[in-house]
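One structure is given here, and the rest of the page talks about it.
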Amino acid sequence: MAISSKIESFLQSSSLIRKMFEEGAKLKAIHGVQNVCDFSIGNPDVPPPPEFQKILEEESLNTDANIHGYMPNAGYLNVRSAIADYINKEQKSNLENKHVIMTTGAGGALNVILKSILNPGDEVLVSVPYFVEYKFYCDNHGGILKTVPCTDDFDIDVDQFEKSITDKCAAVIINSPNNPSGKIYPEKTLKKFAEVLRKKSSETGRTIYLISDEPYRKIVYDGVEVPGIFGIYSESMICTSYSKDLSLPGERIGWLAINPSAENCDKIINAAILCNRILGYVNAPALMQRVVGRLQGVKIDVNVYKRKRDALCGILDENGYDYFKPEGTFYLFVKSPDKNESAFVELLKQNLILTVPGSAFGVPGYFRISYCTDDSYIDKSAEGFKNAMNEFMSGISQ
Ligand SMILES: Cc1ncc(COP(=O)(O)O)c(C=O)c1O
């Protein structure tokens with residue numbers, strides 16, 4: 001066998017998004033890139049803020065010996081201090097630099113913490129809809145991802161979690177603002193959720209960790225706030241990155257922060273630093289650490305995404321689509337008029353619109369639009385959304 005049988009099966013199961021990508025490339029070759037509205041990938045199109053360019057230029061001029069050398073596996077201490085200070089302001093917490101570990105993006109942070117806490121066969125629970133990579137990240141470290149249904153408005157269904165948590169549960173992952181729904185979990189829900197985690201931890205006799213994946217925290221609209229998790233649940237950690245809020249996904253820079261109130265905080269920190277090293281990351285990219293350390297609180301212009309969201313909501317409203325209005329992120333989760341959302345995604349494709357079926361996120365019957373794309377594609381998509389809806393309606397009335 002040429003490759004691992006597990007990876008062989010992963011290649012099959014992850015083929016949905018790959019298939020979309022390949023078919024999208026084909027469509028663009030036939031119809032021209034400018035005529036295909038590609039809403040399939042969450043790759044930010046807003047440029048990084050001007051402060052980024054300025055600081056990047058300044059940092060690139062540094063010729064100190066060892067400036068590009070190895071460093072402590074957790075990252076530069078001054079950068080970690082700057083981030084700890086920022087988190088403390090945001091969450092009224094009391095982190096020190098030791099509680100922050102620089103990582104290769106949020107994906108790196110998630111892998112580091114999962115490797116640090118999981119034993120083979122441990123379960124990690126997540127509410128649907130969820131970021132598809134979680135399943136693979138858990139498996140990387142011997143864990144099993146279990147999905148839990150959400151409420152009708154994409155909130156955490158706390159009662160469902162209470163029923164689903166067993167003594168195999170090591171952690172839960174939350175992602176708010178959520179990819180793909182754009183939902184921000186309210187403080188009230190999180191407090192109720194924390195109560196259940198505490199209760200279940202004492203019933204099962206093992207600590208259930210709460211991993212909060214927050215790469216979209218700063219991309220929020222209409223004054224809705226993302227509650228801080230550190231004050232709500234002590235056994236918690238945050239994984240995040242500058243991929244979305246500074247538009248730097250290719251630079252692979254983010255961090256993991258451990259709640260200072262966690263019972264085994266220092267042990268977890270030591271484990272995470274070792275895991276950052278032995279996963280082969282060694283340390284997060286040096287130049288980018290120095291740059292983001294000086295950009296605390298800076299973000300891309302969120303109004304650009306708000307404008308795109310509102311334009312798309314207008315198009316969907318005009319054509320009779322039902323959807324959840326995103327409170328954050330740059331995704332729109334739309335109810336498929338056809339119960340079989342893959343068939344409707346195909347119909348959209350025939351109308352030169354590329355989206356991702358909700359099944360990829362554990363919620364069939366929906367599809368996801370990524371609107372981090374040029375305004376011209378959003379304008380152009382109005383006709384395709386209208387035609388697809390008309391074609392579907394005329395199909396059912398025949
Ligand atoms: C919910 C969620 N978590 C994590 C990631 C990974 O982010 P990063 O590029 O920083 O690794 C993404 C990327 O799209 C995401 O949507």
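Order of appearance sets the numbers: ligands from 1, and atoms from 1 within every ligand.
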* Measure P249 to ligand 1 on non-hydrogen atoms and call it side chain, backbone, both or neither using the 4.0 Å cut-off. => neither
* Parallel, tilted or perpendicular: which fits the ring planes of Y366 and F333, with parallel below 30° and perpendicular above 60°? -> parallel
* Asked: Any idea which protein heavy atom is nearest atom 13 (C) of ligand 1, and the distance to it?
  -> K244 NZ, 3.4 Å
* **Interfacing atoms of ligand 1 (cut-off 4.0 Å, heavy-atom, N175)** => 1 (C)
* To do: Could you find the nearest protein heavy atom to atom 7 (O) of ligand 1 and give me its residue, atom name and distance?
  => A106 CB, 3.7 Å
* Report, as yes or no, whether the 6.0 Å neighbourhood of atom CD on E383 holds more than 12 heavy atoms from other residues, nucleotides or ligands. => no
* If you measure from each non-hydrogen atom of E133 to ligand 1, which part falls under 4.0 Å: side chain, backbone, both or neither? -> neither
* Pick, from P180, S243, G42, P177, the option with the minimum heavy-atom distance to atom 8 (P) of ligand 1. => S243
* Decide whether the shortest distance between a heavy atom of Y216 and an atom of ligand 1 is less than 4.0 Å. => yes
* Structure fact -> shortest atom 9 (O) of ligand 1-to-protein heavy-atom contact is with R252 NH1, 2.9 Å
* Establish, from distance only, whether the side-chain atoms of S81 and N97 form a donor-acceptor pair under 3.5 Å. => yes
* Structure fact -> In this structure, atom 12 (C) of ligand 1 is nearest to the protein heavy atom F131 CZ, 3.4 Å
* **Flag, side chain of N88 to backbone of L95, donor-acceptor distance under 3.5 Å** => yes
* Mind telling me whether F39 and F385 have parallel, tilted or perpendicular rings, with 30° and 60° as the class edges? => parallel
* To do: Around atom 2 (C) of ligand 1, find the nearest protein heavy atom and jot down its residue, atom name and distance.
  => D213 OD2, 3.4 Å
* Side chains of N73 and Y281 in contact at under 4.5 Å (non-hydrogen atoms) -> no
* Is there any N or O on G107 that sits under 3.5 Å from an N or O of ligand 1? -> yes
* Under 4.0 Å to a heavy atom of S241 - the qualifying atoms of ligand 1, by number -> 10 (O)
* **side-chain contact (heavy atoms from CB on, under 4.5 Å) assessment of Q289 paired with I253** => CA-CA 7 Å; Q289 285 194 47; I253 185 73; 3.7 Å; yes
* To do: Examine distances only and state if a side-chain atom of Q296 and a backbone atom of V292 form a donor-acceptor pair shorter than 3.5 Å.
  => yes
